[in-house]
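Owing to the predicted nature of the structure, the values given are computational and were not obtained by experimental measurement. The chains referred to below are lettered A, B, ... by the order of the sequence lines, with proteins before strands, and numbering in each begins at 1.
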Amino acid sequence: MLDIQYLRNDLDAAAQRLASRNYAFDKASFAELEAQRKEVQTRTQDLQAKRNNTSKQIGIAKSKGEDTSAILAEVATLGDELKAAEEQLAVIQSQMQAFLQNIPNLPHESVPVGKSEADNIEVRKWGTPRSFDFEIKDHTDVGAPLGLDFDTGAKLSGARFTFMRGQIAKLHRALAQFMLDTQTEEHSYIECYTPYMVNAETLRGTGQLPKFEEDLFSLDHNESKLYLIPTSEVTLTNIVRDEIVPLESLPIKLTAHTPCFRSEAGSYGKDTKGMIRQHQFDKVEMVQIVHPEKSYAALEEMVGHAEAILQKLRLPYRVVSLCTGDMGFGAAKTYDLEVWLPAQNTYREISSVSNCEAFQARRMQARFRNEAGKPELLHTLNGSGLAVGRTLVAVLENYQNADGSVTIPEILRPYMKGLEQLKAS
RNA sequence: GGAGAGGUGGCAGAGUGGUUGAAUGUACCUGACUCGAAAUCAGGCAUACACGCAAGUGUAUCGAGGGUUCGAAUCCCUCCCUCUCCGCCA
């Protein structure tokens, strides 16, 4: 959510910055709503003040044993008028709230301006794609003999679900363990275990609701509705919702390995083959909750924490700075890490690291007590470190051998009881 | 699932319709005393929002929402959460 004061004071600048990310800010509606709000709120508060004042006088008069019928007659009509004003104000405020909740974050000035993915800027590349002296297979063909089974996934649940058995299931687990160990032991994140189902309030906090309900899976349980988390950014970030944390506790660095559930509405026909785009996938997430002045330093640091995983796995990748048109709803700046997939002969997203500045914090009312002792909004950042399923894809494709086996990256071998290769049994 | 108890400021804890945003204690901040500290004394100490150039004024908030009333922390209804006991259960 944006700062409404900023919108009031600098409407044109805000609209212009939002236009760069393909968001058409409706200035006329906002101005109209704001004018109504001002009039009705002022009137409501005046009426409330009058009521409070009168009631107080009745109290005083009664305690003195005086007659109050004159004052009572005077306020007889006040009630209806006040009630009408309050109701009108509530309607306007919820309209304003809905309006604000649907505005995306302002892009940071360093973000390249662009319309789509094609305008993203490559920041750096790491590693050299391996050259193969045999006909390479994609991960579905490499994985099938090793226990990667989409047919069974489809039988149990439908399209976009995977079933893994044997060594490949174990490799998947090894990847997650390795990532979690690296983020906790080398980058000092605190390991967390979080709920996989959350309420609507939590999703509003990080910005998935109200705008992106169709991307989520939900469950009806008795009277209450819960949603499956689309990422543990949701649970890790919301721990500070409605909190004022002490300055000394910053930065808060959290990580968790959780499944993520996404309906992938609107991506029909995209990546239908294989496990690139699934309804359920595992991810190791990093979240930092920081002092506003430190958030851009933290962003760079977190990109490094995600890169460390790919480097240790010796997987070639590139770092991309997303342009204004390609960034997610809550992000002020985002870097994507794209891993080399030889079968697709291209780099594919495997991690996304974003600084949301105060966008989520304002929705969550997540604050810290600043140097002056005053509450101030925090900045929140999140990033994948990494998406486990896609990392498995990258390992299968990059480490495949002519005989159909897959070499296990050295860093993972301790997690595989020293096993060096995956082979069909 | 059944029975009961409870949710008030950072914490503890008063408050069952009227000058209550809320006693008191504690924590914290400032000042006095002191060489300094402790103790003691005095004062301060919630958040959000609106109007205003500002000083300031006002509004809202006692788990959440609704109701009764001129007036609700206090009465009524619904919901949420926590705790205790019983049952079931990984």
[atom1] atom, [N] versus [M]: distance in rounded Å?
{"N": "B/rG1", "M": "B/rG66", "atom1": "C1'", "answer": "29 Å"}
{"N": "B/rG52", "M": "B/rG63", "atom1": "C1'", "answer": "35 Å"}
{"N": "B/rG36", "M": "B/rG43", "atom1": "C1'", "answer": "23 Å"}
{"N": "B/rC28", "M": "B/rG21", "atom1": "P", "answer": "29 Å"}
{"N": "B/rC33", "M": "B/rA42", "atom1": "C1'", "answer": "11 Å"}
{"N": "B/rA38", "M": "B/rA32", "atom1": "C1'", "answer": "15 Å"}
{"N": "B/rU30", "M": "B/rU84", "atom1": "P", "answer": "41 Å"}
{"N": "B/rC88", "M": "B/rC79", "atom1": "P", "answer": "27 Å"}

Rounded distance (Å) that lies between atom [atom2] of [N] and atom [atom1] of [X]:
{"X": "A/Lys50", "N": "B/rC70", "atom1": "NZ", "atom2": "P", "result": "16 Å"}
{"X": "A/Arg369", "N": "B/rG10", "atom1": "CZ", "atom2": "C1'", "result": "9 Å"}
{"X": "A/Gln365", "N": "B/rC49", "atom1": "CD", "atom2": "P", "result": "7 Å"}
{"X": "A/Arg363", "N": "B/rA48", "atom1": "CZ", "atom2": "P", "result": "19 Å"}
{"X": "A/Gln41", "N": "B/rU59", "atom1": "CD", "atom2": "P", "result": "13 Å"}
{"X": "A/Glu243", "N": "B/rU47", "atom1": "CD", "atom2": "C1'", "result": "14 Å"}
{"X": "A/Glu376", "N": "B/rU47", "atom1": "CD", "atom2": "P", "result": "13 Å"}
{"X": "A/Leu82", "N": "B/rA72", "atom1": "CG", "atom2": "P", "result": "11 Å"}

Could you pick out which residue, A/Glu34 or A/Ile60, lies toward the 5' side of RNA chain B when each is mapped onto its nearest nucleotide?
-> A/Ile60
Which residue lies more 5' along RNA chain B, comparing A/Ile58 with A/Arg51 via nearest heavy atoms = A/Arg51
Is it true that a side-chain atom of A/Ser351 and a backbone atom of A/Gly385 form a donor plus acceptor pair closer than 3.5 Å?
-> no
A/Glu243 and A/Met364, any side-chain heavy atoms less than 4.5 Å apart = no
When you measure from the side-chain N and O atoms of [X] to the phosphate of [N], is any distance below 4.0 Å, counting only OP1 and OP2?
{"X": "A/Gln48", "N": "B/rU57", "value": "no"}
{"X": "A/Arg367", "N": "B/rU47", "value": "no"}
{"X": "A/Asn52", "N": "B/rG18", "value": "no"}
{"X": "A/Arg43", "N": "B/rG58", "value": "no"}

Can we say A/Glu338 and A/Arg348 salt-bridge, meaning some charged N sits less than 4.0 Å from an Asp/Glu carboxylate O?
-> no
Tell me what A/Gln5 touches on the nucleic acid: a base, only sugar-phosphate, or nothing, going by heavy atoms under 4.0 Å.
-> sugar-phosphate
Under 4.0 angstrom, heavy atoms only, what part of the nucleic acid is A/Asp46 near: base, sugar-phosphate, or nothing?
-> nothing
For [N], the Watson-Crick or wobble partner whose two distances fall under 3.5 Å:
{"N": "B/rG52", "value": "none"}
{"N": "B/rG21", "value": "none"}
{"N": "B/rA60", "value": "B/rU47"}
{"N": "B/rA14", "value": "none"}
{"N": "B/rG4", "value": "B/rC83"}
{"N": "B/rU74", "value": "none"}
{"N": "B/rA32", "value": "B/rU40"}
{"N": "B/rU69", "value": "none"}

With a 6.0 Å cut-off on ring centres, are A/His279 and A/Phe217 close enough?
-> yes
Ignoring hydrogens and angles, answer whether the base of B/rG18 and the side-chain atoms of A/Lys56 contain a donor-acceptor pair closer than 3.5 Å.
-> no
Minimum-distance nucleotide to A/Ser55 side chain [options: B/rG71, B/rG58, B/rU47] | B/rG71
Side chains of A/Asn355 and A/His108, donor plus acceptor under 3.5 Å | no
Trace of the side-chain contact (heavy atoms from CB on, under 4.5 Å) decision for A/Asn105 with A/Arg21 | CA-CA 9 Å; A/Asn105 203 357; A/Arg21 56 182 305 167; 4.1 Å; yes
Give me the ring orientation class for A/Phe329 and A/Phe359: parallel if the planes are under 30° apart, tilted from 30 to 60°, perpendicular past 60°.
-> perpendicular
Name the orientation class of the two ring planes belonging to A/His187 and A/His305 (parallel below 30°, tilted from 30 to 60°, perpendicular beyond 60°).
-> parallel
